[in-house]
Structure formats: structure tokens, C-alpha cells
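The structure appears right after this line, and notes come after that.
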Amino acid sequence: MPEGHTLHRLARDHDGLFRGQVLRVSSPQGRFADGAARVDGQQLDRVSAYGKHLFYEWGSGDVIHVHLGLFGKFFAHPDPAPAPRDTVRMRLTGTAHAVDLIGATECTLTDPAGVAAILARLGPDPIRRDGDPELAWPKVQRRASPIGMALMDQSVIAGVGNVYRAESLFVHGIHPEVPAREISHDQWLGLWTTLRTWLRRGVRDRVIITVPRAELGRPRGPIGRGEALWVYKQERCRRCGTPIRRWDLGGRWAYACETCQPRP
DNA sequence: AAGAATGTTATGTA
DNA sequence: CTACATAACATTCT
């Protein structure tokens, strides 16, 4: 489910809801991260996101590292929260709200050194102010493998997932199989700028929208998940009508309009 | 009820 | 060291 904007959204929500509160952190059946009892009753100092990683920083100096993987989710409960279902990995209980974490691939106790180690293997994150496309550029330039793989490689650029990959390559007219090293510097900066804009907008909207409302013919009203995309999970290209090709690229589905994005 | 889904990592082979 | 394939793992929804 999550791409980078979702994690930044969650960090903002949870930081706002729980910052400075003394929390009860628990889970049924002892399924919670090893050593998590250490943060039970601690104050939550800060919640931050980098790429698709979430960090819950506690007054004790402990950090809980969360990665949602493909289908991790948080459920918010107003007070009084129901009993957690048995797949809940973590429940944050504040004064008036609780949130339950489900399905995460990673939910572990670490510390600032552990956080640094994780950040060290991530590329720049376009959402962040300090994100720098030039840090990623040498890696892109060196790769013979497809640009569609480089965009999903979190050590090249952090926060991009399958939807943003498909959509950003489409709007720049780049076929996903173009070797990364054949991307021009201008194209790279263009992709970066597009991704930065979309990811930041996604934090606000809580949904990925890549097709402008004018193009959609929907000047107002809410836009649902997957309703405003150019090629991802689409039958036909929204621009030219060509059937969208879908194929496996690095273990994930790639989507492209091979008229708008000519094959290399 | 099988299979898909807005991921990542470890491991094996070339 | 790079490239690529495969498997493992997390859970819910249709």
C-alpha cells in the first residue's frame, strides 16, 4: 500500500497526535518488537519519516523503526479503543486516541546509531528539503539496468514505489526499460522535480493524483484511489488510447504506453 | 477461495 | 563487483 508520501503523512499525523505524551505501547500475544517493553510509558519525542521508513523516537533514547512493507497499515481508534485484534503489532495509546499497527514487515527497537545505519543505505528523498538529486545522479549514470529498476531502488532514490515509477516515467515520455545510464541529466532533474511535487502533494491529499483535474474532466469533488492515473493499472493510455502494456520488471508490474514512451 | 497488492531483503547463479 | 531470478515475510480484501 504505501509509497513515500504515506509514510510522511503518518509521521506528521502521529507526531501531532502523540508528541510529548506518555504512551502505552503494547500488543497482544507478545508479538511486538523485541525489547519494546522498554518504551512502554515513555514520552514520544518525535515521529519522522525518511523514504518509506518511520522512526518513533522516545524520551529514553530508544527508537522504534517501522517499515510497512507491501501491506502494513495503521488503524486509528477514538477513545475508548476496542480490544486490539490478534494481528496488531503495536498499539500507541495516547490521551484520547489509539493507533494500531498491522502487517508491517519491520517493527523493531533500535537507537540513533541504528537509525543512522538505515539512513546510510538510502538515497535522497525528494519529499525532504535536504533531498538532493545530485547525490543520486552518479548512481543513475553508472547503471546499465533499466531506469524503471533504478527508480524503485531505495538506495538510489528513497520513497518511490510502483505507482510513482509508472506515472513519472510516463509524463516524461521515458520507457521503463531505457538503461539508467542513458538518461540525460536534464531528464533526471525533470523526474526528480515531478516526483518531489507529486510526493509532497500526496502527503496533503492522502492519495496519488498524477492527472490534472482539467484533463480528467472533474473540476471538483473527491478523487479516489487510482482514479487519476495515466498508466498504472489502466486499460488504455489516457492520452492517446493505446492499450497499456504490463510486464514484470524486477519482480513488480511495470506499466507503459509504448506510443507515448517509445521502446529503447 | 485463490490471488493480488502503492515492498524489501537474503541468497543463489552466471 | 554487477546483474538477474527466486523465495521469504508481512495481512487484508475481493
| remark: Heavy-atom nearest pair, A:Ala158 first then A:Gly51, reads CB-CA, 3.7 Å
| task | Return no unless some side-chain N or O of A:Arg85 is found under 4.0 Å from OP1 or OP2 of C:dT11. | result | no
| request: Respond yes when some side-chain nitrogen or oxygen of A:Gln154 is under 4.0 Å from OP1 or OP2 of B:dT8, and no when none is. | output: yes
| query | Are A:His175 and A:Arg245 side-chain neighbours, meaning at least one heavy-atom pair lies under 4.5 Å? | reply | yes
| field | Heavy-atom side-chain contact between A:Arg238 and A:Glu215 under 4.5 Å | value | no
Pick base, sugar-phosphate or nothing for [X], based on heavy-atom distances below 4.0 Å to the nucleic acid.
X        : value
A:Arg143 : nothing
A:Glu106 : nothing
A:Ser145 : sugar-phosphate
A:Ile208 : base

| Given pairs defined as Watson-Crick or G-U wobble with both distances under 3.5 Å, what dot-bracket annotation applies to DNA chain B, with ( ) intrastrand, [ ] crossing, | other strand and . unpaired? | .||||.||||||||
| message | If I pick the P atom on B:dA4 and the same atom on C:dT6, what distance separates them, to the nearest angstrom? | response | 16 Å
| query | 5'-most contact on DNA chain C: A:Arg142 or A:Gly251, nearest heavy atom basis? | reply | A:Arg142
Looking only at the side chains, is there a donor atom on one of [X] and [Y] sitting less than 3.5 Å from an acceptor on the other?
X        : Y       : answer
A:Asp100 : A:His77 : yes
A:Asp125 : A:His8  : yes
A:His65  : A:His53 : yes

| field | d(CG, A:Leu249; P, C:dT6) in whole Å | value | 14 Å
| request: Measure from the side-chain heavy atoms of A:Leu70 and tell me the nearest of C:dC4, B:dG7, C:dT12. | output: B:dG7
